[in-house]
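Count residues from 1 along the sequence. Everything numeric here is computed off the predicted structure, so don't read it as measured data.
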Amino acid sequence: MTLTPLVYWAQRHEEMYLRVELTDAQNIDVHIHENVLHFRAQGHGAKGQNEYEFRLEFLQPVKTEVEHKSTQRQVNLTVRKEQHGWWERLTKQERKPVFLAPDFDRWLDESDAEMEIRQKEERRNRLKAVRQEEDESFSLKTGFLFIYNLVQFLGFSWIFVNMTVRLIMFGQDSLYDTFHTMSEVMFFCQILASVEVLNAAFGVVKAGVVPTLIQVVGRNFILFIIFGSLEEMHNKPVVFFVFYLWSTIEIFRYPFYMLGCFNTEWKTLTWLRYTVWIPLYPLGVLAEAVGVIQSIPIFDETKLFSIPLPRAIGTSVSFSYILHVYLILMFLGKLASRIIIHLYTKVNVNVLVISFWFCPPTIRTFYQLPSSLQAKEEAFPH
């Protein structure tokens, strides 16, 4: 005698749901032939552990594909209607089979089902609108970051190329007029670099605000205070070396971020971007330190930026004291970097570079990224 399981059903405008009360069902065979659903499986039902089966002829045409999912307690079936609409009953025969009952856990009347459809449509439209806004925002952000990096690349490239050409044409003489010929473009690039701080602060890029701020302020301190405020420093060769090292670093950094805006990677550029700092870093620290040291006697002589004390004391605090502290921080930063690099050579860790951009007193670290992520790096360093 054929055993029939209990079957509960519910519907929506586009599909039917059937729940077969069969525990630990195995050897499930379910298909639709000539608009009739055939089900057979072994499991524990109302009559214990047996083989159960049933047939249902649907009221209207349905698609032949049947989705079924077996759980420990039941078998769930999903049958899609050929045409969307609401059926007055499930089966073609008016008399309901004895094993069939409504699934009140999922049951909706027609008006509730229509409301559910409207809610789904509204939810879909909201998600679509959000995605469109995100896409527009992403496009604006990508365009903004690309233009910013492009402008910086062009600015530092102009400095690098001009300094190189002048060095070839005029030789040693070009070392003494670097500030007069390159300072305006360098001022522009370094002032524009303040945008990086704003980008980090407003979440345009995933970067720390404080490290980015210290980096930008550190360079601008050298440029505007040490070089710009002292006319005696304008003709110093150290200006040439600082400008040349800065521009050499940036002509590799900014193109790397330009490609990253579009999730594109050029391995040669990636290698240069993460490797060129190795020789340039100590040279940059040395050049900036030399510039600070050369400016100390000038600040002492001119009393520029000195802090006046009360007349009873009759003196002032020279700005050179601050520069001595600045030099100490640079030295400590360099010592820390040598220790970490030494540890890197002793321990086999997945690190590509450990780069300390000394805009004292911060130490900036770059870790190796998988090749799939290097091109996705944000348009500014972390």
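- Scanning for side chain to side chain donor-acceptor pair (under 3.5 Å) contacts around His180 gives Asn235, with sequence neighbours left out.
- Partners of Gln172 under the side chain to side chain contact (heavy atoms under 4.5 Å, CB included) rule, at least two apart in sequence or in another chain, are Leu175, Tyr176.
- The main-chain N or O of Ser70 is never found under 3.5 Å from a side-chain atom of Asn76 such that the two would form a donor-acceptor pair.
- Side-chain contact between Phe144 and Val195: present, with at least one pair of heavy atoms (C-beta onward) separated by less than 4.5 Å.
- To the nearest 0.5 angstrom, Gln74 atom CD is 10.0 Å from Lys69 atom NZ.
- Relative to the six-membered ring of Phe252, Arg273 misses at least one condition, a distance below 6.0 Å or an angle of at most 45° to the axis.
- Within the structure, no pair that satisfies the side-chain hydrogen bond (donor to acceptor under 3.5 Å, both in side chains) test touches residues 221-234, not counting sequence neighbours.
- Within the structure, the salt bridge (Lys or Arg N to Asp or Glu O under 4.0 Å) test picks out the following pairs touching residues 164-174 (sequence neighbours left out): Arg166-Asp177.
- Here Cys189 contributes atom SG and Met182 contributes atom CE; the two are 12.0 Å apart, rounded to the nearest 0.5 Å.
- Ring centroid separation for the pair Phe99 and Phe54 comes in under the 6.0 Å cut-off.
- Annotation: salt bridge (Lys or Arg N to Asp or Glu O under 4.0 Å) contacts involving residues 81-95, sequence neighbours excluded, comprise Glu57-Lys92.
- Looking at residues two or more places apart in sequence or on another chain, you find a side chain to side chain contact (heavy atoms under 4.5 Å, CB included) between Trp266 and Leu259, Thr268, Leu269.
- Residues Phe262 and Phe146 bring their aromatic ring centres within 6.0 Å.
- Sorted by first and then second residue, the pairs that involve residues 40-50 and meet salt bridge (Lys or Arg N to Asp or Glu O under 4.0 Å), not counting sequence neighbours, are Arg40-Glu53.
- Salt bridge annotation for Glu15-Arg12: absent, with no cationic side-chain nitrogen under 4.0 angstrom from a carboxylate oxygen.
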Worked check of side-chain hydrogen bond (donor to acceptor under 3.5 Å, both in side chains) between Tyr244 and Thr164: CA-CA 9 Å; Tyr244 202 72; Thr164 302; 2.8 Å; yes
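- Without hydrogens or angle criteria, Thr264 side chain to Gly260 main chain gives no donor-acceptor distance under 3.5 Å.
- Of the inter-residue distances, the one linking Leu3 atom CG with Asn50 atom CG reads 5.0 Å to the nearest 0.5 angstrom.
- Residue Leu6 is found in a hydrophobic cluster whose other members, listed by chain and number, are Tyr8; membership requires side-chain heavy atoms under 4.5 Å apart, directly or through intermediates.
- Scanning for side chain to side chain contact (heavy atoms under 4.5 Å, CB included) contacts around Phe188 gives Val151, Leu192, with sequence neighbours left out.
- Salt-bridge check for Glu288 with Arg219: failed, with every basic side-chain N at 4.0 Å or more from each acidic carboxylate O.
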Donor-acceptor pairs are to be reported for all side-chain atoms of residues 300-310 against protein atoms at under 3.5 Å, with residues two or more places apart or in another chain.
from: Asp300; atom 1: OD1; to: Ser318; atom 2: OG; distance (Å): 2.7
from: Asp300; atom 1: OD1; to: Ser320; atom 2: OG; distance (Å): 2.6
from: Thr302; atom 1: OG1; to: Ile298; atom 2: O; distance (Å): 2.8
from: Thr302; atom 1: OG1; to: Leu304; atom 2: N; distance (Å): 3.4
from: Ser306; atom 1: OG; to: Lys303; atom 2: O; distance (Å): 3.1

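- The closest side-chain heavy-atom distance from Trp246 to Phe160 is not below 4.5 Å.
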Cut-off 3.5 Å, no hydrogens considered: what does the side-chain donor-acceptor table look like for residues 21-30, sequence neighbours left out?
from: Glu21; atom 1: OE2; to: Arg19; atom 2: NH1; distance (Å): 2.5
from: Asn27; atom 1: ND2; to: Gln42; atom 2: OE1; distance (Å): 3.1

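- Applying the side chain to side chain contact (heavy atoms under 4.5 Å, CB included) test to Arg55 and every residue at least two apart in sequence or in another chain returns Val36, His38.
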Working for side-chain contact (heavy atoms from CB on, under 4.5 Å), residues Leu323 and Phe299: CA-CA 10 Å; Leu323 298 182; Phe299 278 110; 3.5 Å; yes
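- Aromatic pair Tyr274/Phe256: ring centres closer than 6.0 Å.
- In this structure the side chain of Leu100 reaches within 4.5 angstrom of the side chain of Thr91, judged on heavy atoms.
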Check step by step if side-chain contact (heavy atoms from CB on, under 4.5 Å) holds for Val238 and Val242. CA-CA 6 Å; Val238 68; Val242 171; 4.3 Å; yes
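- Counting only heavy atoms from C-beta outward, the side chains of Glu67 and Arg80 approach each other to under 4.5 Å.
- Using a 4.5 Å heavy-atom threshold, the side chains of Tyr326 and Val292 count as touching.
- In this structure, Leu18 and Val79 have side chains that are in contact, with non-hydrogen atoms separated by less than 4.5 Å.
- In this structure the side chain of Val165 reaches within 4.5 angstrom of the side chain of Val161, judged on heavy atoms.
- The environment of Gln83 atom CD is sparse: at most 12 non-hydrogen atoms of other residues, nucleotides or ligands sit within 6.0 angstrom.
- Counting heavy atoms of neighbouring residues, nucleotides and ligands inside a 6.0 Å radius, atom CH2 of Trp107 exceeds 12 of them.
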Kindly indicate, with the supporting measurements, whether the criterion side-chain contact (heavy atoms from CB on, under 4.5 Å) is fulfilled by Val276 and Arg253. CA-CA 10 Å; Val276 73; Arg253 185 165 74 100; over 6 Å; no
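- Side-chain atoms of Tyr254 and Leu150, non-hydrogen and from C-beta on, never get closer than 4.5 Å to each other.
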